[in-house]
Amino acid sequence: MRVHFQGFWSGLMDRTDPVNVRFFLDFLSQVFNCSIEVGTPETSDILVESVWVGTNTPSLIGMKRWLFTFFYTGESFFSFPGFPTLPFEAYTAVLGYKDTHLNFIKLPLFILYNTLYPNMMNPVTEIPKYSVSAVITNSRGGFRNKFLDFLEKVFPVSYGGEYRNNIGQKIGGTHAGDELIRFYRNFKFVVSMENSQEEYYITEKLYNAMRAGIVPVYWGSPNVTKYFNPNRFLHVRSEYDIGSVIHRMLTMKDEEYLSMVQQPIFVEGVNGYADAVRDTKSLIAAVSQV
């Protein structure tokens with residue numbers, strides 16, 4: 001079978017972006033139990049469009065009668081402001097941050113990173129030299145900014161991204177690159193908070209901090225502990241937790257810290273990728289019988 005990708009970010013097809021076509025080809029090959037190749041719109045059986053469709057290129061869903069159509073979002077929304085998306089029922093499956101129901105398939109963004117970049121650094125065995133880091137590009141994370149304002153009153157925070165940068169340079173590489181992970185490795189804690197809070201909007205932020213072998217401080221999806229071991233990170237669930245989490249950061253003993261980084265990263269027995277493949281298979285089977 002052949003698939004055409006429409007309206008995706010640059011770097012998808014040439015694999016220069018951390019999240020690239022390799023994931024989707026492997027995912028679809030498992031869903032359909034056959035080899036999947038990239039084709040043109042004319043030669044393809046499957047169409048996969050992303051949240052970017054309509055912003056940089058038009059949708060092709062009405063071009064012809066496709067066997068199956070998919071919509072993917074790695075964002076916390078299904079359309080950009082001013083660019084309305086097609087009705088969700090127009091697609092066979094909608095992959096993203098919503099729980100699995102109807103034609104929605106739960107596929108949090110971190111699963112793509114975990115699948116493409118499964119390599120982990122060993123947990124630190126000595127307390128890192130510096131206190132807290134954060135690498136942030138988007139300045140619009142209101143809750144995160146509020147937390148950081150409180151945190152800066154008691155901790156020096158080293159900012160390595162575009163936002164609040166105070167280290168003299170931006171950390172290079174990609175969102176999955178070794179440069180980022182090595183930077184995190186120097187710090188006891190890393191603020192790994194999402195830009196917004198949605199059902200299963202769990203991005204690479206928490207996962208990357210885990211890869212570095214240190215302790216993340218997280219805010220975002222209320223369902224994060226369905227995947228990530230709650231004993232492996234500090235969870236700020238609401239503004240009422242800000243004070244208690246910062247206090248724990250201040251008072252955590254070395255023994256507790258080193259024990260924490262040795263904890264399993266994921267909840268035992270949970271495989272979000274396998275669940276998404278299974279649920280998509282079931283959806284395809286149901287649609288095919290209609």
Side-chain angles (χ1 to χ4, degrees), residues 3 8-9 12 17-33 36 48 50-51 68 70-78 88 91-121 174-176 181 190 192-213 215-235 237 263-286:
V3 58
F8 274 79
W9 47 86
L12 178 88
D17 191 271
V19 177
N20 58 64
V21 70
R22 181 164 65 90
F23 173 86
F24 294 100
L25 292 177
D26 291 345
F27 181 82
L28 292 173
S29 69
Q30 293 192 45
V31 168
F32 292 103
N33 292 318
I36 303 291
V48 182
S50 89
V51 66
F68 302 101
F70 293 82
F71 182 93
Y72 171 74
T73 180
E75 307 292 340
S76 58
F77 45 81
F78 288 105
F88 295 130
Y91 296 91
T92 306
V94 178
L95 312 173
Y97 64 89
K98 288 290 187 181
D99 201 1
T100 298
H101 70 291
L102 299 176
N103 65 331
F104 290 87
I105 302 294
K106 178 174 55 183
L107 186 63
L109 179 59
F110 87 87
I111 290 176
L112 280 66
Y113 281 83
N114 184 35
T115 304
L116 292 167
Y117 307 97
N119 54 308
M120 298 274 182
M121 296 185 74
T174 69
H175 295 308
I181 306 306
V190 56
S192 303
M193 296 185 171
E194 310 291 4
N195 298 331
S196 60
Q197 188 175 62
E198 296 291 346
E199 197 171 7
Y200 284 93
Y201 181 58
I202 310 170
T203 70
E204 79 287 352
K205 297 177 179 66
L206 178 59
Y207 178 68
N208 280 337
M210 297 289 197
R211 287 176 63 199
V215 171
V217 182
Y218 182 80
W219 171 88
S221 168
N223 297 304
V224 65
T225 54
K226 292 184 179 180
Y227 297 100
F228 289 92
N229 178 7
N231 298 316
R232 181 59 182 79
F233 67 99
L234 300 179
H235 193 181
R237 293 173 177 81
Q263 294 291 318
I265 290 175
F266 296 109
V267 175
E268 184 178 0
V270 175
N271 187 326
Y273 179 81
D275 290 347
V277 170
R278 179 202 63 213
D279 294 340
T280 308
K281 277 178 175 284
S282 297
L283 178 60
I284 294 297

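Since this is a predicted model, take the numbers as computed values, not measurements. Excluded from the calculations below are hydrogen atoms, water molecules and symmetry mates; all remaining heavy atoms, backbone and side chain alike, are included. We number each residue from 1, following the sequence as shown.
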Open item on the list: Could you go through Y113 and N208, starting from their C-alpha distance and side-chain angles, then the distance that decides it, and tell me whether this counts as side-chain hydrogen bond (donor to acceptor under 3.5 Å, both in side chains)?
Closed with: CA-CA 9 Å; Y113 281 83; N208 280 337; over 6 Å; no
TODO: Inspect the surroundings of NE2 in H235 and state if more than 12 heavy atoms from other residues, nucleotides or ligands are less than 6.0 Å away.
DONE: yes
- [ ] Working to the nearest 0.5 Å, report the span between CD1 of I36 and CG of L28.
- [x] 5.5 Å
Open item on the list: Just verifying a value: how many Å separate F71 CZ and Y91 OH, rounded to the nearest 0.5 Å?
Closed with: 5.5 Å
Open item on the list: Set out, in order, the CA-CA distance, both residues' side-chain angles and the distance that settles side chain to side chain contact (heavy atoms under 4.5 Å, CB included) for T280 and F27, then state yes or no.
Closed with: CA-CA 10 Å; T280 308; F27 181 82; 3.5 Å; yes
Task: Value rounded to 0.5 Å, distance of CD1 in I111 from CG in L116 - done: 12.0 Å
TODO: Taking the six-membered ring for Trp and the full ring for Phe, Tyr or His, determine whether the centres of F78 and Y97 are under 6.0 Å apart.
DONE: yes
Task: Donor-acceptor contact below 3.5 Å, side chain D279 vs main chain I105 - done: no
Open item on the list: What I'd like to find out is whether the side chain of T92 reaches to under 4.5 Å of the side chain of I284, using heavy atoms alone.
Closed with: yes
TODO: Find the distance between OG (S192) and CG (L234) and round it off to the nearest 0.5 Å.
DONE: 10.0 Å
Open item on the list: Taking the side chain as everything from C-beta on, heavy atoms only, tell me whether L112 gets closer than 4.5 Å to F24.
Closed with: yes
- [ ] Take V3 and L25 through the side chain to side chain contact (heavy atoms under 4.5 Å, CB included) test and state the conclusion after the steps.
- [x] CA-CA 8 Å; V3 58; L25 292 177; 3.8 Å; yes
Open item on the list: If you define the side chain from C-beta out and look only at heavy atoms, does anything of T100 sit under 4.5 Å from L283?
Closed with: no
Open item on the list: For F228, run the side-chain contact (heavy atoms from CB on, under 4.5 Å) check against V270, V267, I265 and tell me which one passes.
Closed with: I265
Task: Side chain to side chain, F110 and L206, heavy atoms closer than 4.5 Å - done: no
Task: E75 CD to T203 OG1 distance, which is reported to the nearest 0.5 Å - done: 9.5 Å
Open item on the list: Within the 3.5 Å criterion, strictly below it, is a donor on Q30 or Y273 matched to an acceptor on the partner's side chain?
Closed with: yes
TODO: Compare all side-chain heavy atoms of Y72 with those of L107 and state whether any distance is below 4.5 angstrom.
DONE: yes
Task: Full working for side chain to side chain contact (heavy atoms under 4.5 Å, CB included) between N223 and D99 - done: CA-CA 10 Å; N223 297 304; D99 201 1; over 6 Å; no
Task: Sub-4.5 Å side-chain heavy-atom contact between K205 and E194 - done: yes
Task: NZ or CZ of K106 within 45° of Y200 ring axis and under 6.0 Å - done: yes
- [ ] Can you see which heavy atom on E198 is nearest to which on P222, and at what distance?
- [x] O-CD, 3.6 Å
- [ ] For W9 and V19, indicate whether the former's side chain and the latter's backbone hold a donor-acceptor pair under 3.5 Å.
- [x] yes
TODO: Using atom types as modelled and distance alone, determine if a side-chain donor or acceptor of S221 lies under 3.5 Å from a backbone N or O of E199.
DONE: yes
Task: Donor-acceptor contact below 3.5 Å, side chain N20 vs main chain D17 - done: yes
Task: T115 side chain reached by D26 side chain, heavy atoms, under 4.5 Å - done: no
Task: Main-chain N/O of F266 paired with R232 side-chain donor or acceptor, under 3.5 Å - done: no
Task: Worked check of side chain to side chain contact (heavy atoms under 4.5 Å, CB included) between L109 and E204 - done: CA-CA 7 Å; L109 179 59; E204 79 287 352; 3.7 Å; yes
- [ ] Kindly give the heavy-atom pair with the smallest separation between A209 and V190, and that separation in Å.
- [x] CB-CG1, 3.2 Å
Task: Distance, nearest 0.5 Å, that separates OH of Y218 from CZ of F233 - done: 7.5 Å
